[in-house]
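Working notes, structure below.
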Amino acid sequence: MKLVIAIIQDKDSQRFSNALIRENIRATKLASTGGFLRSGNTTFFIGIEDERVEDVLTIIKENCKSREQLVSPISSLGGNADSYIPYPVEVQVGGATVFVLPIEQYFQF
Ligand code: 2BA
């Protein structure tokens, strides 16, 4: 069994969630924040049998798009002068950042 951790953009979250439900794949969705943009993204925890990991990766690729995002000085201000960027910067975000971890033990009580 593996744990797939997928960090995706909020805009893709509902579509991705629906695709997982259609394929009968269980997941937990967490609201998260990117350390760089400091804007919201969504992190999915998906516990899945080894032989279905590829299916999950395919669903991620089909439902999560890469987008250009402009970082404005205002939105990059985290209340800390060190993080101030004095001009707009374009960054490419996503489609998804994915980690696949081995699961040592899995219980449901
Ligand atoms: P953020 O940290 O908000 O990063 C958003 C996008 O900004 C990144 O897209 C990347 O294109 C750019 N970026 C991040 N750090 C940068 C830096 N130091 N200099 C220049 N550009 C930078 P993605 O790479 O697609 O990442 C999307 C989100 O996935 C990230 O949001 C973060 O929440 C997560 N993530 C990415 N790599 C990660 C990692 N190694 N560990 C944990 N989370 C990660």
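Each ligand, and each atom within it, is numbered from 1 in the order the structure gives. Computed over heavy atoms, backbone and side chain alike; hydrogens, waters and symmetry mates excluded.
- Closest to atom 23 (P) of ligand 1 by heavy atom, among Ala96, Gly94, Gly95, Ala6, is Gly94.
- Nearest-residue assignment for atom 32 (C) of ligand 1 (options Asn41, Thr97, Val89, Val93; heavy-atom criterion): Asn41.
- The backbone N or O of Gln9 sits nowhere less than 3.5 Å from a side-chain atom of Asn41 that would complete a donor-acceptor pair.
- Ile7 and Ile25 fall into different hydrophobic clusters, where Ile, Leu, Val, Met, Phe, Trp and Tyr are joined by side-chain heavy atoms under 4.5 Å apart, directly or via other members.
- Between Gln69 and Leu37 the shortest side-chain heavy-atom distance falls below 4.5 Å.
- For ligand 1, the polar-atom distance check finds no N/O of Ile7 at less than 3.5 Å from any of the ligand's N/O atoms.
- Near Gly35, with a cut-off below 4.0 Å to any heavy atom, the atoms of ligand 1 are 1 (P), 2 (O), 3 (O).
- Nearest heavy-atom pair across Leu20 and Ile46 is CD1-CD1, 4.1 Å.
- Shortest contact from atom 8 (C) of ligand 1 to any protein heavy atom: Gln92 O, 4.0 Å.
- In the vicinity of Leu37, heavy-atom distances shorter than 4.0 Å reach the ligand 1 atoms 1 (P), 3 (O), 5 (C).
- Counting only distance, with no hydrogens or angles, the side chain of Asp12 and the backbone of Lys65 share a donor-acceptor pair below 3.5 Å.
- Distance check: Gln105 CD to Met1 CE gives 13.0 Å after rounding to the nearest 0.5 Å.
- The ligand atoms of ligand 1 that sit less than 4.0 angstrom from a heavy atom of Phe99 are 39 (C), 41 (N), 42 (C).
- Listed by number with element, the atoms of ligand 1 under 4.0 angstrom from any heavy atom of Gly34 are 1 (P), 2 (O), 3 (O), 31 (O), 33 (O).
- Looking at atom 13 (N) of ligand 1, its nearest protein heavy atom turns out to be Phe36 CD2, 3.4 Å.
- Between Val91 and ligand 1, no pair of N/O atoms sits closer than 3.5 Å.
- Looking at heavy atoms from C-beta onward, Leu3 lies out of side-chain contact with Phe99 at the 4.5 angstrom threshold.
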